[in-house]
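What follows is one structure encoded as structure tokens, with my remarks underneath.
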Number of protein chains: 2
Amino acid sequence: MKMVFNNKRSFMKSEFEQGHHWCRHRVKGCGFRMTIGREAVLDVLSRTEDHLSAEDIYMLVHETYPAIGLTSVYRTLDMLVNIGLVYKFDFGDGRARFELAEGPKGKDHHHHLVCTGCGRIVNYRDFIDEEVALLKKTEEGLSKKYNFAITNHLIQFYGLCEGCRKK
Amino acid sequence: MKMVFNNKRSFMKSEFEQGHHWCRHRVKGCGFRMTIGREAVLDVLSRTEDHLSAEDIYMLVHETYPAIGLTSVYRTLDMLVNIGLVYKFDFGDGRARFELAEGPKGKDHHHHLVCTGCGRIVNYRDFIDEEVALLKKTEEGLSKKYNFAITNHLIQFYGLCEGCRKK
DNA sequence: CTTGTTATTGAAAACCATTTTCATGTGCAA
DNA sequence: TTGCACATGAAAATGGTTTTCAATAACAAG
């Protein structure tokens with residue numbers, strides 16, 4: 001899986017040309033240039049179900065594209081969050097975590113269950129439909145009453161997983 | 001409203017002895033000493049509907065009890081969060097915000113509507129009952145399926161308030 | 001009311017995720 | 001191919017929060 005590239009161009013062509021067309025178009029459509037670093041960050045995000053921190057992403061991208069700098073990872077993530085391609089979460093451990101807004105197989109709306117003991121995060125899709133239905137209704141009511149244009153919501157459950165409960 | 005005290009003891013007796021019995025008992029019941037600083041932090045939290053940052057609290061406590069240090073405010077808040085007397089929130093502006101778990105007039109369960117433009121936060125109680133009912137159901141399902149002991153949940157809506165939308 | 005133990009405190013320094021600066025490099029439209 | 005605005009990496013700065021450590025104070029026991 002790990003590969004070494006002689007130069008940046010060979011890296012770019014080899015594996016990324018295939019996927020993430022929509023992402024790339026979105027980035028360019030928003031007036032940003034599609035660079036190797038940005039492509040690599042998107043690629044890392046698209047290959048995982050985990051909730052990676054900026055440094056996690058930096059280290060993963062670094063494996064195949066060592067020229068990347070942590071600063072650029074932060075800047076790229078910031079841009080991707082701004083154009084809505086990536087979600088940024090705070091699970092209470094002092095570092096932001098990131099997730100592709102649209103999963104590899106299309107829409108993949110889920111919410112999070114966080115273990116306050118070990119930090120483990122479960123993506124759950126159960127009850128999502130009911131939750132989203134209620135959220136939509138709530139959203140409409142709140143929009144009207146408080147005159148907000150609601151763009152997003154966040155639902156998380158906190159608790160202790162089995163392992164952490166035994167301590 | 002602003003008062004100056006000659007010494008710490010007079011400060012303590014003058015206004016706090018009356019309120020927050022439950023808080024104080026809880027703190028002591030958990031094996032912690034009830035100090036003037038802790039009392040003052042609880043007092044500030046109990047007098048507001050706002051979502052104060054540690055520094056906000058420090059400055060407010062400082063008005064009547066200048067001997068307090070920012071460090072102690074952080075330590076007190078951490079302790080209060082740990083024993084469940086205070087909730088800690090992240091609204092995405094890089095600083096934690098705190099809120100008494102039980103409002104001045106008893107239970108006051110609400111969720112938050114956050115303006116991503118100016119950071120304004122609305123405490124809404126509308127739809128809370130329906131939300132809580134669904135949350136409870138979801139909670140049970142998740143507990144069973146993922147073997148979590150769920151202790152808490154978080155719901156927030158993000159959007160732009162009227163003022164911020166005009167820009 | 002004293003006293004002794006031990007938790008708590010304030011100040012300063014350390015920490016650490018994130019942001020900014022700035023000179024260099026590069027995507028891409030022309 | 002070329003030019004230039006945007007993007008980048010390294011290093012330094014930022015800023016909220018935590019740690020360190022010696023001094024202080026809460027409070028249980030006497």
Side-chain angles (χ1 to χ4, degrees), chain A residues 7-13 16-17 24-25 27-42 51-59 61-62 65-83 86 88-98 119, chain B residues 7-13 16-17 24-25 27-42 51-59 61-62 65-83 86 88-98 119:
Chain A
N7 60 55
K8 294 168 178 179
R9 188 138 311 269
S10 70
F11 171 81
M12 189 173 96
K13 294 285 183 192
F16 300 130
E17 207 75 359
R24 309 175 63 196
H25 288 150
V27 169
K28 301 193 86 170
C30 289
F32 296 102
R33 294 176 179 171
M34 181 47 66
T35 67
I36 302 157
R38 288 170 178 176
E39 193 102 42
V41 167
L42 279 169
H51 306 81
L52 304 175
S53 68
E55 189 151 10
D56 293 337
I57 295 167
Y58 166 70
M59 289 190 300
V61 169
H62 196 268
Y65 180 45
I68 195 134
L70 179 55
T71 311
S72 284
V73 172
Y74 274 108
R75 277 187 289 228
T76 296
L77 289 169
D78 194 50
M79 182 265 287
L80 294 173
V81 168
N82 279 329
I83 66 177
V86 165
K88 180 178 185 176
F89 291 99
D90 170 78
F91 295 124
D93 66 342
R95 63 189 60 198
R97 306 213 164 245
F98 302 87
Chain B
N7 60 55
K8 294 168 177 178
R9 189 138 308 270
S10 70
F11 171 79
M12 190 172 96
K13 294 285 183 191
F16 299 132
E17 206 75 359
R24 307 175 64 196
H25 289 150
V27 170
K28 300 193 86 170
C30 290
F32 296 103
R33 294 177 181 172
M34 181 48 64
T35 66
I36 301 157
R38 286 171 179 175
E39 193 103 41
V41 167
L42 278 170
H51 306 81
L52 304 175
S53 67
E55 190 151 9
D56 292 336
I57 294 167
Y58 166 69
M59 289 190 299
V61 169
H62 196 268
Y65 180 45
I68 195 133
L70 179 56
T71 313
S72 285
V73 172
Y74 274 108
R75 276 187 291 225
T76 296
L77 290 169
D78 195 50
M79 183 265 286
L80 293 172
V81 169
N82 279 329
I83 67 178
V86 165
K88 180 178 186 176
F89 292 100
D90 171 79
F91 294 124
D93 66 342
R95 62 188 61 198
R97 306 214 163 245
F98 302 87

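Since we're looking at a predicted model, the values are computed, not measured. Here is the naming used below: chain letters follow the sequence lines, and residue numbers restart at 1 for every chain.
- In this structure, B:Y58 atom OH and C:dT9 atom C1' are separated by 13 Å, rounded to whole Å.
- Atom-to-atom, CG of B:L52 to C1' of D:dT17 comes out at 17 Å; the value is rounded to the nearest Å.
- Partners of A:S53 according to the side chain to side chain contact (heavy atoms under 4.5 Å, CB included) rule, which considers only residues two or more places apart in sequence or in another chain, are A:E55, A:D56, A:R95, A:R97.
- Looking at B:R38, its side chain does come within 3.5 Å of a backbone N or O of B:R33 through a donor-acceptor pair.
- Taking CZ of A:R75 as the reference point, atom CG of A:L70 lies at 10.0 Å (rounded to 0.5 Å).
- Listed by chain and residue number, B:H51, B:F89, B:H112 satisfy the ring-ring contact (aromatic ring centres under 6.0 Å, His included) test with B:F91 (two or more places apart in sequence, or in another chain).
- Here B:K28 pairs with B:M34 under the side chain to side chain contact (heavy atoms under 4.5 Å, CB included) rule; sequence neighbours left out.
- In this structure, B:G37 and B:I68 approach most closely via the heavy-atom pair CA-CD1, 3.7 Å.
- The backbone N or O of A:D78 lies less than 3.5 Å from a partner atom in the side chain of A:N82, making a donor-acceptor pair.
- Put simply, the side chain of B:M79 reaches to within 4.5 Å of the side chain of B:V27, judged on heavy atoms.
- Closest approach of A:L77 to A:V41, counting heavy atoms only: CD2-CG1, 4.0 Å.
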Check: Could you write nucleotides 13-24 of chain C as a row of B, S and -, 5' to 3', where a protein heavy atom under 4.0 Å of any base atom gives B, of only sugar-phosphate atoms gives S, and otherwise -?
Finding: ----SBBBB---
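- The two residues A:I83 and A:C30 come nearest to each other via the heavy atoms CG2-SG, 3.7 Å.
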Which pairs, protein N/O on one side and nucleotides 28-30 of chain D N/O on the other, fall under 3.5 Å?
none

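- Two residues are said to be in side-chain contact when any heavy atoms from C-beta on lie closer than 4.5 Å; A:L80 and A:F98 fail this criterion.
- Note: CD1 (B:I36) to C1' (D:dA25) measures 8 Å, nearest angstrom.
- Atoms CZ (A:R24) and P (C:dG27) sit 12 Å apart, rounded to a whole Å.
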Polar atoms only, N or O, under 3.5 Å: list the protein pairs with nucleotides 3-6 of chain D and their distances.
{"unit_1": "D:dA5", "atom_1": "N3", "unit_2": "A:R33", "atom_2": "NH1", "d": "3.3"}
{"unit_1": "D:dA5", "atom_1": "N3", "unit_2": "A:R33", "atom_2": "NH2", "d": "3.2"}
{"unit_1": "D:dC6", "atom_1": "O4'", "unit_2": "A:R33", "atom_2": "NH2", "d": "3.4"}
{"unit_1": "D:dC6", "atom_1": "O2", "unit_2": "A:R33", "atom_2": "NH1", "d": "3.2"}

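- Across the protein-nucleic acid pair, B:H62 atom NE2 and C:dA11 atom C1' stand 13 Å apart, rounded to whole Å.
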